[in-house]
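Quick one: structure below, then a few questions.
We count ligands from 1, going down the list as the structure has it; atoms in each ligand are counted the same way. These figures come from a predicted structure and were not determined experimentally.
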Amino acid sequence: MARSALLNVMVQAALKAGKSLSRDFGEVQNLQVSLKGPGDFVSQADRKAEKIIQDELMKSRPTYGFLGEESEEIKGTDGAHRWIVDPLDGTTNFLHGIPIFGVSIALERNNEIVAGVIYNPAMDELYTAERGGGAFLNDRRLRVASRRVLSDAVIGCGVPHLGRGNHGKFLLELRHVMGEVAGVRRFGSAALDLAYVAAGRLDGYWENDLSAWDIAAGIILVREAGGYVSDFNGGTSILETGTVLAGNEHIHKALLEVSHRPLPR
Ligand code: 2AM
Ligand code: CA
């Protein structure tokens with residue numbers, strides 16, 4: 001598998017940040033965290049990872065813009081290119097010693113995502129995709145699952161929690177979806193949920209109330225694995241709305257319909 005120079009830069013940044021997160025995850029698991037508590041330790045881990053990524057990316061492409069979860073946006077002198085980075089997606093899992101978290105790095109060119117890398121250091125799973133070049137898990141080419149009906153499908157989602165999201169709206173969506181599918185999962189990392197759709201582990205996935213960095217890299221992974229990704233209403237405003245709905249052609253269509261059914265009388 002030949003990677004472009006650009007994708008290589010992204011991979012190196014993700015691996016380096018992943019190493020740092022791995023070390024800090026070990027600390028969290030051993031509960032050897034600072035007196036200020038694990039929350040504070042985790043935000044430090046998060047910021048450290050973002051700094052590593054930013055340094056790596058800016059070193060090789062100093063004119064590109066940079067949008068990261070942990071820092072002020074940098075407007076590059078090159079108006080066409082922007083990195084969109086989440087140094088630690090799945091923060092709550094990380095904090096709780098659950099090994100489902102990862103680094104997410106996307107490259108946007110003229111408002112379109114053209115490359116994406118997601119890395120889960122705890123499982124040493126590196127997901128990469130470039131426009132027109134396919135999607136990969138480590139060296140293996142990815143293809144979305146081929147199941148065509150919801151009754152065979154395992155669907156991922158995001159569940160709103162204390163102080164976040166529209167709980168009533170989600171319960172309505174879940175009520176309809178859970179009645180039609182083989183299983184519903186909630187893994188807690190939007191980036192990895194999309195990577196799992198690309199890998200055919202999840203047949204579909206939807207979530208609302210996200211940020212651009214949670215989903216930017218996952219979008220191209222799913223598309224390059226032959227899947228469909230839209231915003232929650234089936235449109236193209238994924239990053240703008242922070243909503244996402246994904247699957248193969250059939251599951252995407254069915255999930256879109258079922259999740260929008262009105263409340264039964
Ligand atoms: P995080 O782990 O980086 O916080 C889980 O439902 C998904 O929602 C994760 O990808 C998580 O990213 C994201 N998330 C959690 N809180 C969020 C917030 N306030 N805004 C946007 N996304 C959030
Ligand atoms: Ca995130």
For F232, what are the other residues in its hydrophobic cluster, where any two members join if their side-chain heavy atoms are less than 4.5 angstrom apart?
L150, I155, V159, F170, L174, V177, M178, V181, V184, W206, L245, I251, L255, L256, V258

With respect to V159, determine whether any N or O atom, backbone or side chain, lies less than 3.5 Å from an N or O atom of ligand 1.
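No - when backbone and side-chain N and O of V159 are compared with those of ligand 1, no distance drops under 3.5 Å.
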
Is there a path of hydrophobic side-chain contacts, each under 4.5 Å between heavy atoms of I/L/V/M/F/W/Y residues, joining I118 to F66?
no

Are any of the N/O atoms in H161 less than 3.5 Å from those in ligand 1?
no

Polar contacts were defined as any N/O atom of the residue lying under 3.5 Å from an N/O atom of the ligand; does this apply to S189 and ligand 1?
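Among all N and O atoms of S189, none is under 3.5 Å from an N or O of ligand 1.
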
Between the side chains of D124 and Y119, is a donor N or O closer than 3.5 angstrom to an acceptor N or O?
yes

Looking only at protein heavy atoms, identify the closest one to atom 11 (C) of ligand 1 and say how far it is in Å.
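Here the closest protein heavy atom is D89 OD1, 3.7 Å.
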
Could you tell me whether the side chain of E180 reaches within less than 4.5 Å of the side chain of R261, counting heavy atoms only?
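Answer yes - side chains close enough.
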
Scan the side chains in residues 105-115 for donor-acceptor partners under 3.5 Å anywhere in the protein, sequence neighbours excluded, and list what turns up.
unit_1	atom_1	unit_2	atom_2	d
E108	OE1	R82	NE	2.9
E108	OE1	R82	NH2	3.2
R109	NE	H81	NE2	2.8
E112	OE1	R131	NH1	2.6

Under a heavy-atom criterion of less than 4.0 Å, does N93 contact ligand 1?
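Contact check N93 vs ligand 1: negative.
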
Ignoring hydrogens and angles, state whether a donor on the side chain of T243 or D231 is under 3.5 Å from an acceptor on the partner side chain.
no

Name all residues meeting the ring pair (Phe, Tyr, Trp, His ring centres under 6.0 Å) criterion together with Y196; count only those two or more places apart in sequence or in a different chain, and write none if there are none.
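Ring pair (Phe, Tyr, Trp, His ring centres under 6.0 Å) check on Y196 returns F187.
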
If you count the non-hydrogen atoms of other residues, nucleotides and ligands that lie under 6.0 Å from CD in E72, is the total more than 12?
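No - once you tally the heavy atoms of other residues, nucleotides and ligands closer than 6.0 Å, there are 12 at most.
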
Between D214 and ligand 1, which part of the residue brings a heavy atom under 4.0 Å of the ligand: side chain, backbone, both or neither?
side chain

Does some side-chain heavy atom of L88 sit less than 4.5 Å from a side-chain heavy atom of F94?
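Sidechains of L88 and F94: in contact.
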
The protein N, O or S atoms lying under 3.0 Å from the Ca ion (ligand 2) are D86 OD2, D89 OD1, D214 OD1

Can you list the ligand 1 atoms lying under 4.0 Å from a non-hydrogen atom of E69?
3 (O)

Ligand 1 contacted by L88 (non-hydrogen, < 4.0 Å):
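Checking ligand 1 against L88, which is what was asked, there is a heavy-atom contact under 4.0 Å.
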
Among all protein heavy atoms, pick out the one at the shortest distance from atom 8 (O) of ligand 1; state its residue, atom name and that distance to 0.1 Å.
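Residue, atom and distance for the closest contact: L210 CD2, 3.4 Å.
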
Between G158 and ligand 1, does any nitrogen or oxygen pair lie at a separation below 3.5 Å?
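Min N/O separation from ligand 1 is not below 3.5 Å for G158.
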
Salt bridge present between K51 and D55 (N-O < 4.0 angstrom):
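So K51 pairs with D55 through a salt bridge.
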
For T91, is at least one N or O under 3.5 Å away from an N or O on ligand 1?
yes

